[in-house]
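Read through the structure below, which is laid out as structure tokens, and then see the notes.
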Amino acid sequence: MCDESVLKELAQDMNQKVDSKDLSMVMRELVKVDYTGSANTVGTAISSEVNPVITVSVILPKGSDTDRVIETVKNEMKAISGD
């Protein structure tokens, strides 16, 4: 999610006019990505497999194209997870 091309796309989706030198700094304030692992449970037993849990939080400024932001994040998550 921190790839410059993804940040540029999100900035455009959010109707943000950001100079490339400030892009990362501005987008870090608007988009947060957290990653944790979650143990896979079967009944009451916990398997050794760990499932990734990725949480994306986005602050949408006025004028944002919400549908485009969702689509951009969804496509990036698909690319990251390989699904």
Side-chain angles (χ1 to χ4, degrees):
M1 286 285 307
C2 295
D3 183 83
E4 188 171 335
S5 65
V6 175
L7 292 178
K8 282 182 181 178
E9 187 173 353
L10 281 171
Q12 186 177 16
D13 297 344
M14 293 177 178
N15 199 28
Q16 298 296 295
K17 312 259 187 286
V18 181
D19 290 333
S20 60
K21 64 182 177 65
D22 298 326
L23 180 66
S24 182
M25 179 184 70
V26 170
M27 294 309 290
R28 270 190 300 225
E29 296 300 317
L30 297 174
V31 179
K32 305 282 188 212
V33 180
D34 293 311
Y35 172 86
T36 59
S38 173
N40 188 18
T41 58
V42 179
T44 57
I46 298 176
S47 75
S48 60
E49 181 180 328
V50 175
N51 298 318
V53 177
I54 301 170
T55 304
V56 180
S57 302
V58 180
I59 297 172
L60 294 172
K62 286 185 178 182
S64 296
D65 184 338
T66 306
D67 292 334
R68 281 294 316 140
V69 171
I70 291 168
E71 193 65 28
T72 299
V73 170
K74 185 169 71 172
N75 289 341
E76 185 61 14
M77 291 299 100
K78 285 181 181 179
I80 289 170
S81 69
D83 290 336

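Interatomic distance, N15 CG to K62 NZ, rounded to the nearest 0.5 Å: 13.0 Å. If you take NZ on K17 and CD on Q12, they are separated by 8.5 Å, rounding to the nearest 0.5 Å. Here the CD-OG1 distance, from E71 to T66, works out to 13.0 Å after rounding to the nearest 0.5 Å. Atoms CG and CD, on L7 and Q16 in that order, are 12.5 Å from each other to the nearest 0.5 Å. Within the model, atoms CG of D65 and OG1 of T72 stand 8.5 Å from one another, a figure rounded to the nearest 0.5 Å.
Looking only at side-chain heavy atoms (C-beta outward), V33 and I54 come within less than 4.5 Å of each other. Considering only heavy atoms from C-beta on, V31 comes within 4.5 Å of M14 through its side chain. Contact of the I59 side chain with the E29 side chain is not registered, since no non-hydrogen atoms from C-beta on lie closer than 4.5 Å.
In terms of modelled atom types and a separation under 3.5 Å, the side chain of D3 and the main chain of S5 share a donor-acceptor contact.
Note: the hydrophobic cluster containing V73 does not contain I70 (ILVMFWY, side chain heavy atoms under 4.5 Å, direct or indirect links).
With L10 as the partner, the side chain to side chain contact (heavy atoms under 4.5 Å, CB included) test is satisfied by one option alone out of M27, R68, E76: M27.
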